[in-house]
Amino acid sequence: MLKNTIERLIRRQEAITGESADFMRDLHAGSPGGFWRFALFVPMSRHRGTLPLNAACAVRIAAVHAEDCGPCLQTVIKLSLDAGASPEILRAAVEENLEPMDEETKLAFEFARHLVARDPRSEDLRSAIERRWGKAGISEIALAIASSRVFPTVKRAMGYGQACQRVVIAGEQTEAALGTARAA
């Protein structure tokens, strides 16, 4: 019975993300308690409250792109598109092209990009983020970055790290040659 429930949860995750969740099967086989704690983490990774949708999605792309340039990045893109994010903005975030972004998306993306790179410029942007969205915005960005980094890390540790791949957004491959600076 429990085994069927676990398999149903994992298949649901695969249907939502469009990617294999075999790493979750292995996680459960190796540590059932760890699996359940990880499963409770998944809803937090999808939290969005204060930030506009495109800005929140751009933050997640900046964070996951720093950790992974394969299936995890593609998953974030799929979830973002499913939520209604602009394909043009997602493509711009993947390609690190600020031009098509509105000011809010650009601010959130730049803050996240500098933060994940441990670039001191993130400190200059923090006050602008707080003025725009308050502590709620800072908190949402912090959770989005932290949660976006967990999946690639767990997958790599479980032996599911994959080589970089070209990302597809709304049926079109991105122009960015992923993997040149961010090998997984």
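Here the straight-line distance linking atom CG of L27 with atom NZ of K155 works out to 12.5 Å at 0.5 Å rounding. The line from SG of C72 to CZ of R149 is 13.0 Å long, rounded to the nearest 0.5 Å. Rounded to the nearest 0.5 Å, atoms CG (L143) and CZ (R60) are 9.0 Å apart. Rounded to the nearest 0.5 Å, atoms CD1 (I169) and CD (E88) are 11.0 Å apart. Put simply, CG on L125 and CZ on R113 are 10.0 Å apart, with the number rounded to the nearest 0.5 Å. Expressed to the nearest 0.5 Å, how far CG of L90 lies from CD1 of I61 amounts to 4.5 Å.
The backbone N or O of P100 lies less than 3.5 Å from no partner atom in the side chain of K106, so there is not a single donor-acceptor pair. Listed for the R126 side chain is no donor-acceptor partner under 3.5 Å among the backbone atoms of S122. With E104 contributing its side chain and P52 its backbone, the two residues share no donor-acceptor pair below 3.5 Å. S148 places no side-chain N or O within 3.5 Å of a backbone atom of I145 that could act as its donor or acceptor partner. Listed for the R91 side chain is no donor-acceptor partner under 3.5 Å among the backbone atoms of A170. Side-chain atoms of E19 never come within 3.5 Å of backbone atoms of T75 as a donor-acceptor pair (strictly under, hydrogens ignored).
Cluster annotation: M24 and I16 are assigned to distinct hydrophobic clusters (Ile/Leu/Val/Met/Phe/Trp/Tyr, side-chain heavy-atom contacts under 4.5 Å, transitive). The cluster map of Ile, Leu, Val, Met, Phe, Trp and Tyr, joined by side-chain heavy atoms under 4.5 Å apart, puts L115 and L51 in the same cluster. Linking ILVMFWY residues whenever their side-chain heavy atoms come closer than 4.5 Å, directly or via other members, leaves L107 and L53 in distinct clusters. Note on V64 and I77: same hydrophobic cluster, where clusters join Ile, Leu, Val, Met, Phe, Trp and Tyr whose side-chain heavy atoms are under 4.5 Å apart, directly or indirectly. Note on V42: it clusters hydrophobically with Y160, by side-chain heavy-atom contacts below 4.5 Å among ILVMFWY residues.
Here the closest non-hydrogen pair linking V116 and A62 is CG2-O, 3.9 Å. G137 and I129 make their closest contact through C-CG2, 4.3 Å (heavy atoms, listed as atom of the first residue, atom of the second, distance). Nearest approach of A56 to E140, heavy atoms of both residues: CB-OE2, 4.0 Å. Listed here is the closest heavy atom pair of A144 and S147: O-OG, 3.3 Å. Listed here is the closest heavy atom pair of T105 and A55: OG1-N, 3.6 Å.
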For residues 6-14, run the donor-acceptor check on the side chains, cut-off 3.5 Å, and write out each pair with its distance to 0.1 Å, sequence neighbours left out.
from, atom 1, to, atom 2, distance (Å)
E7, OE1, R25, NE, 3.1
E7, OE2, R25, NE, 3.3
E7, OE2, R25, NH2, 2.6
Q13, OE1, R46, NH2, 3.2
E14, OE1, R25, NH2, 3.2
E14, OE2, A21, N, 2.9
E14, OE2, R25, NH1, 2.8

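For the pair R156 and E67, the salt-bridge criterion is met [side-chain N within less than 4.0 Å of a carboxylate O].
Under the ring pair (Phe, Tyr, Trp, His ring centres under 6.0 Å) criterion, the residue pairs touching residues 124-156 are F38-F151, F41-F151, with sequence neighbours excluded.
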